Number of protein chains: 2
Amino acid sequence: MLVTAARLFYREGVHTVGIDRIIAEAEVAKATFYKHFPSKDDLVRAYVTAESSRQRAAVATVDTGSSREKLMAIFAFMCEFGAGPTYRGCPFVNTAAEYPDPDHPVRQAIAEHRRWTRDLYRDLLADDGHPDAERTADILLLLRDGLVVGFDLDDPATTRAAVQEALARVLAA
Amino acid sequence: MLVTAARLFYREGVHTVGIDRIIAEAEVAKATFYKHFPSKDDLVRAYVTAESSRQRAAVATVDTGSSREKLMAIFAFMCEFGAGPTYRGCPFVNTAAEYPDPDHPVRQAIAEHRRWTRDLYRDLLADDGHPDAERTADILLLLRDGLVVGFDLDDPATTRAAVQEALARVLAA
DNA sequence: CTAAGAGTAGACAGATCTGTCTGGTATCGT
DNA sequence: ACGATACCAGACAGATCTGTCTACTCTTAG
């Protein structure tokens, strides 16, 4: 059910996919759905937090040597995934675009994932001995957002090359 | 009419704003609206191209000395605007998030604006004598996308500082 | 003066949206 | 065996969506 919703939300957007679509494709009764999720927004929030969990779990599996290599592996993976045919951009950025109110629970879930992402970068940089881990983490978050938008809207090969070169320049300092 | 639609689309998103809202706030009859725009998608496309024209015009007014200063002024302006209370992210990125199909006319209009943006960066860099204007322009586009997402979703002051530092590191090479 | 063009208000059609409710069926722990 | 719980299919309500249509008013050019 959540898996089906996630697939549809990611591929087609949140507002364009109705409850009827989801329960039909998940082969679930409407009453069952509304028992699990009191409203559609609850489902959207669950979608966001589930996606966040997925990404945290994915990062946890990356256990290549140093923190620097780990950081590089994370960006390499994002590039690899972004170049794939099913890529539709970042679920958090895309969903946020459909929720203008920053105080909305969905937006708060997104904000929380972004904080985790930034702190992940900072910790990896600090562990690698980077002299300015805080600011550089903010820059890597900028780069990450540019990455997800670029792979969605522009030529993947160009975006990949730009990301690699940008990483080199940003981390060289 | 287009101005009203642009305001609503930008503030609340494309799919959430209905035709009825637009004609009510624009104080226009429904038949009049459908005479000018055969369908809502036509209006959305007009919104995107109008926004593109606005940005091109805004860039044209920047006539500070060198190309380098011009580039800096453009990013400074984006930061200034992004820190404002009415900022809701990039209209192109946000709208693209609601149109998954890359072949859709709306997406094509967005793609065209992105090409213009990238070429603007490239021309300014080349005019400034940058040794790798092509690749650096791609990187600046990454940075731009990170900027618009960051100012929308994160702390503006942090994002501004990150953008400035990132610009310095990217252009230093 | 008049005919055409453009705008207005708003009813209407048909689809779709979220969310509720009814009634029937199956599973499972005790 | 039996009550609780969870599921099913689907009708339904009420709102809202896009887009069409009717009927009327106003302006303007010939």
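Just so it is clear, the values below take in all heavy atoms, side chains as well, and ignore hydrogens, waters and symmetry mates. Each chain gets a letter, A, B and so on, in the order the sequences are listed, and its residues count up from 1. Since we're looking at a predicted model, the values are computed, not measured.
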Query raised in the report: Taking only residues two or more places apart in sequence or in another chain, which ones pass side chain to side chain donor-acceptor pair (under 3.5 Å) with A:His104?
Result: A:Asp41

Query raised in the report: Strictly under 6.0 Å, is that where the ring centroids of A:Phe92 and A:Tyr47 end up?
Result: no

Report summary line: Residues passing the side chain to side chain contact (heavy atoms under 4.5 Å, CB included) test with A:Arg54, sequence neighbours excluded, are A:Glu51

**Report entry** Salt-bridge criterion met for A:Arg118 and A:Asp138 (N-O under 4.0 Å)
**Finding:** yes

**Report entry** Residue list, side chain to side chain donor-acceptor pair (under 3.5 Å) with B:Thr49, at least two apart or on another chain
**Finding:** none

Query - Of residues 98-109 of chain A, the positions that come close to DNA chain C - non-hydrogen atoms, cut-off under 4.0 Å - result: none

Requested in this report: Assign B:His15 to base, sugar-phosphate, or nothing according to its heavy-atom contacts below 4.0 angstrom with the strands shown.
Outcome: nothing

Query raised in the report: Does the ring centre of A:Phe9 sit less than 6.0 Å away from the ring centre of A:His15?
Result: no

Query - Partners meeting side chain to side chain contact (heavy atoms under 4.5 Å, CB included) with A:Thr64 (sequence neighbours left out) - result: A:Val62, A:Glu69, A:Ala73

Requested in this report: Would you check if there is a donor-acceptor pair between the side chains of B:Ser67 and B:Asp128 at a distance under 3.5 Å?
Outcome: no

Report task. List for me each residue that meets side chain to side chain donor-acceptor pair (under 3.5 Å) alongside A:Asp119, sequence neighbours excluded, and say none if there are none. Result -> none

Pair up each side-chain donor or acceptor in residues 80-89 of chain A with any protein partner under 3.5 Å, not counting sequence neighbours, and list the distances.
from: A:Arg88; atom 1: NE; to: A:Tyr10; atom 2: O; distance (Å): 3.1
from: A:Arg88; atom 1: NE; to: A:Arg11; atom 2: O; distance (Å): 3.1
from: A:Arg88; atom 1: NH2; to: A:Tyr10; atom 2: O; distance (Å): 3.4

Report summary line: Here the distance between atom C1' of C:dG5 and atom NE2 of B:His36, to the nearest Å, is 12 Å

**Report entry** First and last nucleotide of DNA chain D, 5' to 3', lying under 4.0 Å from heavy atoms of chain A
**Finding:** D:dC7 to D:dG10

Query raised in the report: Where along residues 19-34 of chain B does a heavy atom fall under 4.0 Å from DNA chain D?
Result: B:Ile19, B:Asp20, B:Lys30, B:Ala31, B:Tyr34

Query - Partners meeting side chain to side chain donor-acceptor pair (under 3.5 Å) with A:Asp152 (sequence neighbours left out) - result: none

Query raised in the report: What dot-bracket string describes DNA chain D from 5' to 3', counting Watson-Crick and G-U wobble pairs whose defining distances are under 3.5 Å, with [ ] for crossing pairs and | for pairs to another strand?
Result: ||||||||||||||||||||||||||||||

Report task. Run the salt-bridge test on B:Asp63 and B:Lys70 with the 4.0 Å N-O cut-off and return the result as yes or no. Result -> no

Query raised in the report: For A:Glu12, which residues count as a side chain to side chain contact (heavy atoms under 4.5 Å, CB included) partner, sequence neighbours excluded?
Result: A:Leu8, A:Thr16, A:Val17, A:Arg21

